[in-house]
Amino acid sequence: MTLVQMQPRSANANPVHRTVDDAMEAAGPQVCDDMTVEVALAVMASARAGHLLVCDEDGLCTGLVTQGRLASVRDSAAYTDQVRLRDLLGDRGPVTSPLTTMAEAEHAMRYRRLDALPVVDEQGSALGVLALAR
């Protein structure tokens with residue numbers, strides 16, 4: 001896997017010192033953490049998105065869910081139609097800062113086996129998503 005640059009932020013960015021801000025893509029669909037898995041899958045299908053950013057009641061990003069993760073939860077024996085996104089993420093999923101270097105972000109994503117990582121500002125509001133290309 002390699003990092004994909006969806007929307008270049010700085011055409012003259014030094015490749016050695018590139019940050020997440022240089023390579024992140026637009027945030028995309030954001031949903032509240034009290035949404036059920038079924039509704040989240042429907043939103044994802046309507047938006048034709050592979051992931052959703054999940055926010056708490058204050059609008060702060062708590063993580064990201066993928067279509068694959070939601071489908072596997074829905075297909076598990078323990079699934080009920082009352083499972084909410086906050087039940088999947090716990091307190092807060094992994095996020096990164098736009099100031100993180102690309103090398104650090106890529107290492108963290110590989111270590112955690114993540115395909116996408118929310119990018120948040122100092123307050124925790126979603127700015128975008130950093131995604132790995134296959």
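These values consider heavy atoms only, across backbone and side chains, with no hydrogens, waters or symmetry-generated copies. What you see is a predicted model, and the numbers here were worked out from it, not measured in a lab.
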**Student:** Please determine which of V65, D56, L64 meets the side-chain contact (heavy atoms from CB on, under 4.5 Å) test together with L89.
**Tutor:**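 Option passing the side-chain contact (heavy atoms from CB on, under 4.5 Å) with L89: V65.
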
**Student:** Could you state the interatomic distance from CE (M44) to NE2 (H51), rounded to the nearest 0.5 Å?
**Tutor:**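 These two atoms lie 8.5 Å from each other.
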
**Student:** Nearest 0.5 Å, what's the CD-OG distance between E104 and S97?
**Tutor:**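 OG of S97 is found 9.5 Å from CD of E104.
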
**Student:** State whether the number of non-hydrogen atoms from other residues, nucleotides or ligands found under 6.0 Å of Q67 atom CD is greater than 12.
**Tutor:**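 It does not: Q67 CD has 12 such atoms or fewer within range.
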
**Student:** State, yes or no, whether a side-chain contact exists between D81 and T36 at a heavy-atom distance under 4.5 Å.
**Tutor:**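 Side-chain contact under 4.5 Å: no.
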
**Student:** Less than 4.5 Å apart, any side-chain heavy atom of P94 and any of L117?
**Tutor:**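 SC-SC contact between P94 and L117 confirmed.
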
**Student:** In terms of hydrophobic clustering (I, L, V, M, F, W, Y; side-chain heavy atoms under 4.5 Å; direct or indirect links), are L60 and L85 co-clustered?
**Tutor:**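 No, it is not one cluster - the side chains of L60 and L85 are not joined through contacts under 4.5 Å.
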
**Student:** With heavy-atom distances below 4.5 Å as the criterion, would you say the side chains of L88 and L70 are in contact?
**Tutor:**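 The answer is yes; the side chains approach within 4.5 Å.
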
**Student:** In this structure, which one of L41, D87, V37 forms a side-chain contact (heavy atoms from CB on, under 4.5 Å) with V73?
**Tutor:**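 Passing option: V37.
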
**Student:** Roughly how far, to the nearest 0.5 Å, is the CD atom of E106 from the CG atom of L114?
**Tutor:**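 Reported to 0.5 Å precision, the distance equals 12.5 Å.
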
**Student:** So, taking the atom named OG1 in T80 and the one named CZ in R74, what distance separates them when rounded to the nearest 0.5 Å?
**Tutor:**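 Result: 13.5 Å between the selected atoms.
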
**Student:** Are the side chain of S46 and the backbone N or O of A42 linked by a donor-acceptor pair below 3.5 Å?
**Tutor:**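 Judged by distance alone, yes, a pair lies under 3.5 Å.
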
**Student:** Tell me whether L99 is reachable from V119 by hopping between hydrophobic residues (I, L, V, M, F, W, Y) whose side-chain heavy atoms are closer than 4.5 Å.
**Tutor:**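 Different clusters: V119 never reaches L99 through Ile, Leu, Val, Met, Phe, Trp or Tyr contacts under 4.5 Å.
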
**Student:** Is there side-chain contact between M109 and L130, with heavy atoms separated by less than 4.5 Å?
**Tutor:**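 Touching, per the 4.5 Å side-chain cut-off.
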
**Student:** So do L53 and V129 actually touch side chain to side chain, heavy atoms under 4.5 Å?
**Tutor:**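 Touching, per the 4.5 Å side-chain cut-off.
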
**Student:** How long is the gap from CZ on R84 to CE on M35, to the nearest 0.5 Å?
**Tutor:**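 Reported value, rounded in 0.5 Å steps: 10.0 Å.
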
**Student:** Can you tell me how far the CG atom of D33 sits from the CG atom of L52, to the nearest 0.5 Å?
**Tutor:**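 Here the rounded value is 12.5 Å.
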
**Student:** What heavy-atom pair brings M24 and D21 nearest, and what distance separates the two atoms?
**Tutor:**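 Distance-wise, the nearest heavy atoms are CE-OD1, 3.3 Å.
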
**Student:** Taking a hydrophobic cluster as the set of Ile, Leu, Val, Met, Phe, Trp and Tyr residues connected by side-chain heavy atoms closer than 4.5 Å, whether directly or through intermediates, do V54 and V83 fall within one such cluster?
**Tutor:**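 Yes, because V54 and V83 connect within a single hydrophobic cluster, where side-chain heavy atoms sit under 4.5 Å apart.
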
**Student:** Please examine the side chains of E38 and Y79, heavy atoms only from C-beta on, and report whether any two atoms are closer than 4.5 Å.
**Tutor:**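 With C-beta onward as the side chain, the pair touches.
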
